[in-house]
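All figures in this text were calculated on a predicted structure; none of them were measured in a lab.
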Amino acid sequence: MYCYHCGCRLSEHDFCTACGADVALYKKVIYVSNMYYNEGLEKAGVRDLSGAIVSLRQSLKFNKNNIRARNLLGLVYFEMGETVSALREWVISKNMRPKKNIAGEYIDKVQSNSNRLDSLNQTIKKYNRALALCRQDSRDLAVIQLKKVLSMNPRFMRAHQLLALLYMDRQEWERAERELRKCMEIDRNNLQTTSYLKEVERMLMPEEGVKQPVRRRTEEAVRYQTENEIIIQPLNVKEPKRNGLSTLFNIGIGLVIGLAAMYFLVVREVETRVRSEEQEVITRISSESDTKTARIQELESQLAEMNENLTSLQGEIDEYVGVNGTLQVTEELTQIAALYLETKDVAAVTPQLEALSQRVNLEEMSEGFQRLYRSLIPEIAAVYFAEGTSQFNAGNYAAAAESLEKAFAYDQTNEEAIYQLAQSYRILKENEKAIAAYDKVIELFPESWRAENAQSYKDRLTGN
């Protein structure tokens, strides 16, 4: 036993020799917990599983860290067919003591066999289904479900008890007794099983205290003794008259009795066996149907997931190789760049580059794409600026405004382009656009002489 405060091994004293903590009450608690554990161990040894569960729970109430008690409680649950409860106790035990704990082996043995684990899960589902059928008053179907449960897990005690209760409801006392005897083999002192069995035995045993009527026989003979022999002489005994008709009548009665006996002893037995075989076939077919249904549902789920993945992958492929996909757009930009490098004619590639820029979002493209695209922008800006300047000098202010606006859109550091654009709008009497352009000049190039001129022109247009 170790100190709860410092972990040092305790001595016979009521205090810890290492840290001085008072451990008198702690020792008593551990002692009581171990006492209940030993009691549960003894009860489990004589198959009093219900009593063992009570004692082991008491042990864990006093000391929740009693690993031996918790592992034994899991074994008792597992023996009674309560696999979920058993796994819960073993998992808690494993978390409390990860190393050198036999609970890990118990868990591995249950989970290593996937078929066995799936069978246990199906057992619980079918038992719950049987309970639901009982509540719906479909008791015959509940009996079939419980038989499936017990075929997969013969030690599931609650299923035996529920099946016995259904047999009692149908007044099939012998079958109910057979199921309850199986429960007694698993847990000898289960209170619920004992109460059910007492009721079944009461219905099967004849009532006590009922006296059979005593029939008094009249003296139909005279007895007397001669020497060492007793002579019995019947009185009023008449020799029956025999004739052929009575003989035939007796033979007929014998035949009828024989046929009736054959029917009840042979035919009924055959019918019972045939029904039993049919029931087994129905049970097997139902079990196979449930398994196939579960498999079909699993495959349908996998198919739906694969279809979703296929749709997602198809969308990603379209983004790369579609009409406006990454590969297609990159190929077009490469062709434009190759044309420019071959011809050095910016005007030839400008319409293609503009059309491409309207179809794609530059921020979503790769870094290489953006760098190649931006490397062509200054050349395009210069072309539009040259066109706009030429048109402005020729007096074609509407065309000049269109070209200069594109030039400034491609290169917003071009002061002269935005200034000439403002002048074009002023000459065209588009005062709002002119004022907006003058504001751009003042905002972007406040230290230049064009900013002073722009302010002057703006004041004239606004009446200041």
Side-chain angles (χ1 to χ4, degrees), residues 323-324 326 328-464:
V323 176
N324 292 324
T326 303
Q328 180 67 27
V329 173
T330 304
E331 177 65 22
E332 292 183 15
L333 181 61
T334 305
Q335 294 292 339
I336 293 171
L339 179 62
Y340 171 71
L341 293 175
E342 292 173 356
T343 62
K344 298 297 181 180
D345 187 1
V346 179
V349 301
T350 297
Q352 301 179 27
L353 193 62
E354 287 185 343
L356 182 63
S357 65
Q358 293 176 0
R359 288 165 45 201
V360 300
N361 186 356
L362 186 62
E363 300 298 330
E364 295 179 356
M365 303 305 292
S366 64
E367 183 180 357
F369 183 93
Q370 295 181 24
R371 290 174 61 187
L372 180 60
Y373 178 82
R374 291 192 179 101
S375 66
L376 298 175
I377 293 302
E379 302 293 337
I380 297 174
V383 169
Y384 279 120
F385 177 69
E387 289 180 357
T389 302
S390 176
Q391 292 165 349
F392 183 85
N393 294 332
N396 189 1
Y397 299 109
E402 183 178 354
S403 297
L404 291 170
E405 186 174 4
K406 291 181 179 180
F408 184 73
Y410 283 109
D411 183 11
Q412 296 192 0
T413 62
N414 193 335
E415 178 184 354
E416 187 174 357
I418 187 64
Y419 182 75
Q420 289 187 8
L421 177 63
Q423 295 289 71
S424 299
Y425 282 140
R426 180 180 61 80
I427 295 171
L428 292 171
K429 305 298 183 181
E430 297 183 12
N431 295 338
E432 293 182 359
K433 292 183 178 181
I435 292 171
Y438 285 133
D439 286 337
K440 287 273 188 182
V441 175
I442 296 169
E443 178 185 355
L444 298 176
F445 313 101
E447 303 297 331
S448 68
W449 61 269
R450 291 187 179 87
E452 295 179 1
N453 291 347
Q455 184 65 49
S456 176
Y457 283 121
K458 178 183 176 183
D459 292 340
R460 293 177 189 177
L461 293 174
T462 57
N464 294 328

Which distance, rounded to the nearest 0.5 Å, do you find between the CG of L421 and the CD of E416? 12.5 Å
Residues forming a side-chain contact (heavy atoms from CB on, under 4.5 Å) with A399, sequence neighbours excluded: Q391, N396
Residues forming a side-chain contact (heavy atoms from CB on, under 4.5 Å) with D411, sequence neighbours excluded: A381, T413, N414
How long is the span from the OG atom in S424 to the CD atom in E402, to the nearest 0.5 Å? 11.5 Å
Taking only residues two or more places apart in sequence or in another chain, which ones pass side-chain contact (heavy atoms from CB on, under 4.5 Å) with N453? Y419, W449, Y457
My understanding is that only residues two or more places apart in sequence, or in another chain, count here; which of them pass ring pair (Phe, Tyr, Trp, His ring centres under 6.0 Å) with F392? Y397
When rounded to the nearest 0.5 angstrom, what is the spacing between CG in L461 and CD1 in I435? 5.0 Å
How many angstroms lie between atom CG of L444 and atom CG of D439, to the nearest 0.5 angstrom? 10.5 Å
Specify the closest pair of heavy atoms between Q455 and I442, including all atoms of both residues, with the distance to one decimal. OE1-CD1, 3.1 Å
Please assess F385 against K406 for the test side chain to side chain contact (heavy atoms under 4.5 Å, CB included), listing each intermediate value before the final yes or no. CA-CA 8 Å; F385 177 69; K406 291 181 179 180; over 6 Å; no
Scan residues 418-432 for pairs that pass salt bridge (charged side-chain N to carboxylate O under 4.0 Å, His left out), counting only residues two or more places apart or in two chains. E430-K433
Got a sec, which residues hit salt bridge (Lys or Arg N to Asp or Glu O under 4.0 Å) with E452, two or more places apart in sequence or on another chain? none
Does a donor on one side chain sit under 3.5 Å from an acceptor on the other, for Q423 and Y438? yes
Check whether T389 reaches the backbone of A386 with its side chain - one donor and one acceptor, N or O, closer than 3.5 Å. no
Can you sort out the partners of S448 under side-chain contact (heavy atoms from CB on, under 4.5 Å), two or more places apart, ordered by chain and number? E415, F445, R450, A451
Contacts of K440 that satisfy salt bridge (Lys or Arg N to Asp or Glu O under 4.0 Å) - sequence neighbours left out: none
